[in-house]
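Just the heavy atoms: all of them, side chains too, but no hydrogens, waters or symmetry mates, feed the values below. Just so it is clear: chains get the letters A, B, ... in the order the sequence lines come, proteins before strands, and each one is counted from 1.
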There are 2 protein chains.
Amino acid sequence: MNQPKRYLNIVSEMRDMIREQNIRPGDRIPSERELAEKLAVGRSTIREALRSLELLGLIETRRGEGTFLADPRKHRLVELLATFILQDTKTLEDVRETMCIHETAAIQAICASDASKLPVWESLRERLDGHEFIREDFVRELMVLSGNRLSLKIWFLLKQYGGNPYDGEVMPEERPLLKNILHAIEQQDAETAIRDFKAWSSVLIKGENAQWQ
Amino acid sequence: MNQPKRYLNIVSEMRDMIREQNIRPGDRIPSERELAEKLAVGRSTIREALRSLELLGLIETRRGEGTFLADPRKHRLVELLATFILQDTKTLEDVRETMCIHETAAIQAICASDASKLPVWESLRERLDGHEFIREDFVRELMVLSGNRLSLKIWFLLKQYGGNPYDGEVMPEERPLLKNILHAIEQQDAETAIRDFKAWSSVLIKGENAQWQ
DNA sequence: TTTTGAAAGTGGTCTGACCACTAATCTTTC
DNA sequence: GAAAGATTAGTGGTCAGACCACTTTCAAAA
């Protein structure tokens, strides 16, 4: 009979230990040697468990310092999922379309919430007039302000896989359109904001920026 | 300067090897000792990489036999998502919201395309009247008909992870609402379809089906 | 007081040694 | 010759010990 693998026990024991001792993100976890002694197993077994958790982004290890519980924002499960989802369904068109789905949903969410009244918009408008304002920053700001971290994470991944359509900095000709979007959001006019946003992004995608390069 | 960790290299080299040599699910992977020699690293390093992949369910190891590429259906990513992240309620909220984003986007896409004229809708209406029509089938049909396979796949994963709100079969009281949705789609009236859809799903989620159980 | 450098502790890696288990092969027995 | 049993090679599972590279600490030297 195959015995259950020890390193899997270690994984769950670690999880219990973290909960019981109320270890919080950023806190240090006992060293590998300590854990090996405490749990009465070899250090290599401990390491197999820790490396598994590290691949998931649940812990961070820093040579010479120790092992630390990772910030939940650094969890890599979604990334790992992405590498497998996008294996077979990596039609570029689907990726772009799905990005757009998340972007418009973000605008919709912002318009429906108090975020539309934040002072962020004014400062965004000012940064827009300055030099070196990257297109991606504009969209990312919207995704962040939507308040849905999962959606933000998915969007970020799609951007990496689908080739970033928001590469490069905002050209003077684009500014009026972007300002219209900001204005519509402040007015909580989702419909207009989304229409203008789609007008902007479709030029970037279809025209390969030819119009504004 | 901290060097990149070798076991991570191994992980990606393994992925490349699997693709290049066209190893398929169920096939055997070279033994740990072979891999160690071929990649010029210690066996323990190989094991750290393999154990990580095993925790994800990407490979299976059988003592005395060897290591095998796992069937994609055995991938444990979703399960891991649940065990490690589900505690945070905000995350669960994000999952539900992101599901909704994809669902409404699907309805929007259908209404804007020729799919709204397909004979599917009539047959769907008929199945709705029959017995044993599972709620999930209804939504999945919409996701499929949207034509965005990536969006469908993301939706499917979110459903597993976030607890399926569309569990159980359609109750008689729900049918009018669902028929309204179908009708609105056929009329390409996305706004009405989405409003009614949200009305339906919000009852399922918030009310925990109490109203219709 | 500041600087330096030695020491202790940590993760990263390798080696070699067992153990438990499987499957193929060989040997014995009928 | 065929079936049953024993042997053996190969595999993953685990452990112990040894280095290395790196960080932090703290006491000694300037």
Got a donor-acceptor contact below 3.5 angstrom from the A:Thr45 side chain to the A:Val41 backbone?
-> no
Please list, chain by chain and in numerical order, all residues satisfying ring pair (Phe, Tyr, Trp, His ring centres under 6.0 Å) with A:Phe197, sequence neighbours excluded.
-> A:Trp200
For the side-chain contact (heavy atoms from CB on, under 4.5 Å) test, which of A:Leu124, A:Leu145, A:Ile185 pairs with A:Leu118?
-> A:Leu145
Between atom CD1 in B:Ile46 and atom C1' in C:dT15, what is the gap in whole Å?
-> 15 Å
Go along nucleotides 6-14 of chain D 5' to 3' and tag each nucleotide: B for a protein heavy atom under 4.0 Å from its base, S when only backbone or sugar atoms are that close, - otherwise.
-> ----BBBBB
A:Arg127 and its salt bridge (charged side-chain N to carboxylate O under 4.0 Å, His left out) partner, picked from A:Glu122, A:Glu169, A:Glu141 = A:Glu141
Tell me, which pairs form a salt bridge (Lys or Arg N to Asp or Glu O under 4.0 Å) where one or both residues lie in residues 175-187 of chain A, sequence neighbours left out?
-> A:Arg125-A:Glu186, A:Asp129-A:Lys179
Check the distance between C:dG12's P and B:Ile10's CD1 and give it to me in whole angstrom.
-> 14 Å
